[in-house]
Number of protein chains: 2
Amino acid sequence: MKTKSTTELNDTIYKVEQICKSNKLGLTQIRRQVFEIIVKNNKPVKAYEILDEISNINDKSSHPPTVYRAIDFLIENGFVHKLNSINSYVGCFHPKANKECYFLICKKCNIYQECCDDSLKDRISKTAVHHNFVISNTTLEIEGHCLDCNQK
Amino acid sequence: MKTKSTTELNDTIYKVEQICKSNKLGLTQIRRQVFEIIVKNNKPVKAYEILDEISNINDKSSHPPTVYRAIDFLIENGFVHKLNSINSYVGCFHPKANKECYFLICKKCNIYQECCDDSLKDRISKTAVHHNFVISNTTLEIEGHCLDCNQK
DNA sequence: ATAATATATGTTATGTTATAACATTGCAAC
DNA sequence: GTTGCAATGTTATAACATAACATATATTAT
Ligand SMILES: [Zn+2]
Ligand SMILES: [Zn+2]
Ligand SMILES: [Zn+2]
Ligand SMILES: [Zn+2]
């Protein structure tokens with residue numbers, strides 16, 4: 001799993017800014033700060049880690065609701081995902097691409113990757129249909145070891 | 001999604017007893033109690049709900065570690081699964097069948113169902129291989145509405 | 001049987017993750 | 001300028017989970 005370049009990270013932030021502008025979504029200072037922290041970390045980040053970073057940046061201690069509200073906004077708009085298996089948050093690298101996002105998470109180096117194959121989505125859809133089930137959201141988190149970590 | 005019959009629930013408990021016997025796994029009183037609570041609820045159960053029930057059954061208040069240890073034992077041996085998306089625990093209805101278990105969870109009636117299609121497993125494997133990723137465990141939790149709830 | 005060992009449980013305290021509830025601020029519309 | 005609304009600040013607490021150490025119970029070796 002290759003880690004993302006600074007350019008890719010900045011592009012993602014830029015893309016989200018544009019989406020917010022054209023959709024009149026209030027990307028306020030805190031929301032933007034939280035998003036940048038998540039994206040630039042480039043690994044799954046914990047809410048209280050974000051809280052610490054926010055407190056540092058703004059040179060005064062913030063409180064949990066501040067961070068969780070920003071996260072909620074970012075998730076609602078598809079800019080950030082929560083990884084339920086590790087209670088952490090990651091940036092989406094194709095926001096508004098209208099995909100469900102699935103994840104590979106390396107337990108060793110903590111790098112993650114979105115893996116939103118259509119074939120996977122289709123297979124999940126078929127399973128749901130087969131069970132007469134209407135999907136509202138899907139959590140697919142594949143934990144294991146990436147190539148690099150597996151070779152060591 | 002049909003809810004399971006008493007017979008099915010009892011069969012599951014019996015099966016686990018047999019597995020424990022033949023594998024010399026200590027299905028102690030508390031572990032058995034916790035397993036029965038999870039299975040007989042027949043819905044995703046929260047750790048602190050289990051704690052309450054255990055306290056009632058044994059007529060004295062128990063503590064979180066008691067329940068979490070029992071849950072750990074049951075998960076390690078494949079008798080119980082954790083649903084990460086809702087911090088809840090469910091019984092496995094094909095213990096030791098050597099499958100990864102995937103789940104459909106109805107947000108309305110809270111019924112769940114295992115849906116461990118091989119085709120789904122294959123599709124996930126292929127995705128992992130494609131990314132040079134070695135899977136250690138997979139979380140697949142599909143939330144939405146079951147047939148009954150969708151028709152209402 | 002007794003001691004040594006390992007396994008399981010009890011108990012207290014605390015760590016981690018997340019939300020409720022209500023007050024305050026900033027800004028736009030009327 | 002006051003009404004309305006969205007966002008943030010603040011305090012407190014709820015919900016979920018584990019660390020650390022003491023005690024009890026079961027196995028096993030002598
Ligand atoms: Zn995404
Ligand atoms: Zn790795
Ligand atoms: Zn199962
Ligand atoms: Zn339902």
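In this text, all values refer to a predicted model and were calculated from it rather than measured experimentally. Below, chains carry the letters A, B, ... as their sequence lines are ordered, and counting in each starts from 1.
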Give a yes/no on whether any side-chain N or O of [X] is located under 4.0 angstrom from OP1 or OP2 of [N].
| X | N | value |
| --- | --- | --- |
| A:Tyr89 | C:dA18 | yes |
| A:Asn87 | C:dT16 | no |
| B:Ser62 | C:dG10 | no |

Only one of A:Ile86, A:Thr139, A:Ile105 forms a side-chain contact (heavy atoms from CB on, under 4.5 Å) with B:Thr139, so which one is it?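 When A:Ile86, A:Thr139, A:Ile105 are each tested with B:Thr139, the side-chain contact (heavy atoms from CB on, under 4.5 Å) holds only for A:Thr139.
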Can you identify which nucleotide, out of [options], has its nearest atom closest to the [X] side chain?
| X | options | answer |
| --- | --- | --- |
| A:Pro65 | D:dT11, D:dT18, C:dA18 | D:dT11 |
| B:Lys60 | C:dG10, C:dA18, C:dT12 | C:dG10 |
| A:His63 | C:dT17, D:dT10, D:dC16 | D:dT10 |
| A:Lys46 | C:dT19, D:dA17, C:dT17 | C:dT17 |
| B:Thr66 | D:dA7, D:dG9, C:dG10 | C:dG10 |
| B:Arg31 | D:dG9, D:dT11, C:dT9 | C:dT9 |

Report which part of the nucleic acid B:Phe73 touches: base, sugar-phosphate, or nothing (heavy-atom distance under 4.0 Å, all strands).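 No contact.
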Gap between atoms [atom1] and [atom2], on [X] and [N] respectively (whole Å):
| X | N | atom1 | atom2 | value |
| --- | --- | --- | --- | --- |
| A:Arg69 | C:dA23 | CZ | C1' | 11 Å |
| B:Leu51 | D:dA14 | CG | C1' | 15 Å |
| B:Ile54 | C:dT9 | CD1 | P | 11 Å |
| B:Asp72 | C:dA8 | CG | C1' | 13 Å |
| A:Lys82 | D:dC16 | NZ | P | 11 Å |
| A:Leu83 | C:dA18 | CG | P | 12 Å |
| A:Asn84 | D:dC16 | CG | C1' | 14 Å |
| B:Tyr68 | D:dA19 | OH | P | 13 Å |

Are the side chains of B:Leu120 and B:Tyr102 in contact, using a 4.5 Å heavy-atom criterion?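 Yes; the side chains approach each other to less than 4.5 Å.
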Taking the six-membered ring of B:Phe35 as reference, does the cationic atom of B:Lys15 (NZ for Lys, CZ for Arg) lie under 6.0 Å from its centre and within 45° of its axis?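 Judged by the rule, B:Lys15 and B:Phe35 form no cation-pi pair.
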Closest-nucleotide mapping onto DNA chain D: is A:Ala70 or A:Pro64 further toward the 5' terminus? I mean the 5' end.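 Taking each residue's closest nucleotide, the earlier one in sequence belongs to A:Ala70.
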Under 30°, 30 to 60°, or over 60°: which ring-plane class applies to A:Tyr48 and A:Tyr68, parallel, tilted or perpendicular?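 A:Tyr48 vs A:Tyr68 ring planes: perpendicular.
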Looking only at N and O atoms, is any donor in the side chain of A:Tyr48 or the base of C:dA18 less than 3.5 Å from an acceptor on the other one?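 Side chain to base: pair found, below 3.5 Å.
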Verify ring pair (Phe, Tyr, Trp, His ring centres under 6.0 Å) between B:Phe133 and A:His145, making sure each step is shown before the conclusion. CA-CA 6 Å; B:Phe133 195 83; A:His145 292 109; 7.8 Å; no
